Protein chains: 2
Amino acid sequence: MRKRVNALAEQLLETLEQQGYRSTSPRRAVAQVIANQDKHFTAENLREQLPSLGRATIFRSLKLFVETGVLCRVLLEDGDLHYQLSHRGHHHHLLCVECGSSQDLLGCDIEELLQQTSASHGFELSGHWLEVYGRCRSCSKSESSAELAAV
Amino acid sequence: MRKRVNALAEQLLETLEQQGYRSTSPRRAVAQVIANQDKHFTAENLREQLPSLGRATIFRSLKLFVETGVLCRVLLEDGDLHYQLSHRGHHHHLLCVECGSSQDLLGCDIEELLQQTSASHGFELSGHWLEVYGRCRSCSKSESSAELAAV
DNA sequence: ATCATAAAAGATACCTGGTCTCATTAAGAG
DNA sequence: CTCTTAATGAGACCAGGTATCTTTTATGAT
Ligand SMILES: [Mn+2]
Ligand SMILES: [Mn+2]
Ligand SMILES: [Zn+2]
Ligand SMILES: [Zn+2]
């Protein structure tokens with residue numbers, strides 16, 4: 001599994017290089033860490049794991065990885081902004097309000113619905129932002145077991 | 001028109017009172033100002049218009065008006081958070097990226113679509129956040145005229 | 001009308017997440 | 001290997017918002 005992670009980290013760097021950015025050692029370190037992350041994380045989380053990097057560098061590389069499509073931003077229900085490895089291209093997230101896990105919603109089937117609704121308001125659609133909140137499978141499962149136990 | 005605004009402002013305050021909050025003079029001032037606003041605005045805008053109020057009071061009353069359903073938050077495409085008089089109940093916004101105007105989208109017809117999609121991922125939907133970006137009727141009109149003119 | 005009490009205000013310190021500046025370092029193309 | 005330019009790190013700064021504490025004020029009970 002370690003090997004896989006390194007492979008992923010290298011892939012992320014390649015994406016940068018392909019877009020003309022240098023592969024510096026801070027960026028390699030950041031790529032390592034985000035490849036290891038299995039949940040969405042904050043800039044602060046990243047900083048804790050890379051205390052030797054300058055703070056500005058952390059923010060700069062986050063921004064860069066977002067711009068190059070490696071990371072995406074995730075808006076939590078409480079308004080907090082997190083980052084997460086991105087499936088390239090437009091997609092949305094199912095965010096579990098219980099355990100904080102997130103699942104990607106790949107096909108964006110609301111686009112055409114939105115298109116219609118917008119048009120009917122004389123509005124020329126150019127984009128949208130959607131986050132979906134709820135309970136993931138395992139959390140709703142354990143909640144129902146808890147309910148049973150409580151009876 | 002001034003009379004109407006006052007009527008609106010009073011309505012906003014009544015909403016607070018009905019929910020057990022006191023009608024204080026800072027809150028009356030804030031209600032006046034937000035009733036006068038015809039676009040979404042920031043905490044800072046509010047502060048400029050009410051320089052005599054304490055900064056914390058501005059933020060506290062914004063929060064309160066949001067909680068009581070008088071204001072809603074609007075997430076701009078660049079990530080900025082604005083406030084705006086709210087239609088009560090769940091709704092979304094059509095935000096013009098050109099002129100910054102916003103239009104409410106009242107019927108939330110994506111709910112059932114989302115419900116299905118979530119269910120198919122084993123996800124128990126509890127809420128969502130959606131903002132729609134594009135060009136409003138008058139902006140797309142003037143853009144097409146500009147195009148014609150440029151030929 | 002007065003009073004007691006709890007809520008709210010205001011000043012101000014603090015916090016989080018992020019940008020700017022500027023001097024220094026290091027990729028990487030030639 | 002050298003040169004150029006991008007990138008880094010330190011640190012000041014900024015925006016938006018919260019916490020703490022003391023003083024003020026709205027409101028319900030007398
Ligand atoms: Mn994503
Ligand atoms: Mn709204
Ligand atoms: Zn969960
Ligand atoms: Zn417009």
Side-chain angles (χ1 to χ4, degrees), chain A residues 9-10 12-34 37 40-68 70-84, chain B residues 9-10 12-34 37 40-68 70-84:
Chain A
E10 262 167 53
L12 307 185
L13 286 168
E14 264 165 43
T15 310
L16 290 197
E17 289 177 63
Q18 276 159 22
Q19 302 190 35
Y21 296 99
R22 294 183 180 176
S23 166
T24 68
S25 75
R27 283 175 188 165
R28 278 190 292 273
V30 169
Q32 268 310 327
V33 170
I34 70 189
Q37 239 48 35
H40 44 83
F41 54 90
T42 61
E44 192 51 33
N45 295 152
L46 199 50
R47 228 161 84 70
E48 283 159 15
Q49 295 178 61
L50 293 166
S52 65
L53 297 199
R55 210 168 82 97
T57 303
I58 296 277
F59 284 107
R60 283 190 284 235
S61 35
L62 276 174
K63 199 175 180 183
L64 188 65
F65 279 120
V66 169
E67 275 163 12
T68 53
V70 165
L71 289 179
C72 56
R73 285 180 230 265
V74 183
L75 187 67
L76 270 52
E77 207 170 22
D78 64 9
D80 266 23
L81 187 64
H82 285 222
Y83 298 86
Q84 162 179 301
Chain B
E10 261 167 56
L12 307 185
L13 286 168
E14 264 165 45
T15 310
L16 290 197
E17 290 178 61
Q18 276 158 23
Q19 300 189 36
Y21 296 100
R22 295 184 178 176
S23 167
T24 68
S25 75
R27 283 175 188 165
R28 279 189 293 272
V30 169
Q32 269 309 327
V33 171
I34 69 189
Q37 239 49 36
H40 44 84
F41 56 91
T42 61
E44 193 50 33
N45 295 153
L46 199 50
R47 228 161 84 71
E48 283 158 15
Q49 296 179 61
L50 293 167
S52 65
L53 296 198
R55 210 168 82 96
T57 302
I58 297 277
F59 283 107
R60 283 190 285 235
S61 37
L62 276 173
K63 199 175 179 183
L64 188 64
F65 279 120
V66 169
E67 275 165 11
T68 53
V70 165
L71 290 178
C72 56
R73 285 180 229 265
V74 183
L75 187 66
L76 270 53
E77 208 171 20
D78 64 9
D80 265 23
L81 188 64
H82 285 223
Y83 297 86
Q84 163 179 298

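In this text, all values refer to a predicted model and were calculated from it rather than measured experimentally. Proteins get letters first, then strands, A, B, ... in listed order; numbering begins at 1 in each. For the numbers below, each heavy atom of this structure counts, side chains included, while hydrogens, waters and symmetry mates do not.
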Between CD of A:Gln19 and P of D:dA6 the distance, given in whole Å, is 16 Å
Side chains of B:Ile34 and B:Phe41: does their closest heavy-atom pair fall under 4.5 Å? yes
In whole angstroms, the gap separating C1' of D:dA15 from CD1 of B:Ile58 amounts to 15 Å
Are there any protein N/O atoms within less than 3.5 Å of an N/O atom in nucleotides 27-30 of chain D, and if so, which ones and at what distance?
residue, atom, partner, partner atom, Å
D:dT27, OP1, B:Ser23, N, 3.1

Checking C:dG10, C:dA9, D:dT8 against the side chain of B:Leu53 (C-beta onward), the nearest is C:dG10
Separation of D:dA7 atom P from A:Phe65 atom CZ, nearest Å, is 12 Å
Atom CG of A:Leu16 and atom P of C:dG28 are separated, to the nearest Å, by 11 Å
Those residues at least two apart in sequence (or on a different chain) that pass salt bridge (Lys or Arg N to Asp or Glu O under 4.0 Å) with B:Glu44 are B:Arg47
*asked:* Quick one, A:Gln37 and A:Gln49 - any side-chain contact, counting heavy atoms below 4.5 Å?
replied: yes
**Study point:** Student check: side-chain heavy atoms of A:Tyr83 and A:Arg73 closer than 4.5 Å
**Key:** yes
Sorted by chain and number, sequence neighbours left out, side chain to side chain donor-acceptor pair (under 3.5 Å) with B:Arg55 holds for none
Flag side-chain contact, heavy atom, 4.5 Å: A:Thr15 against A:Tyr21: no
Applying side chain to side chain donor-acceptor pair (under 3.5 Å) to B:Gln32 and not counting sequence neighbours gives B:Asn6
By nearest-nucleotide position on DNA chain D, the 5'-leaning member of B:Ser25 and A:Ser25 is A:Ser25
Residues at least two apart in sequence or cross-chain that pass side-chain contact (heavy atoms from CB on, under 4.5 Å) with B:Arg60, listed by chain then number, are B:Ala56, B:Thr57
B/S/- along nucleotides 17-24 of chain C (protein heavy atoms under 4.0 Å) is BBBBB---
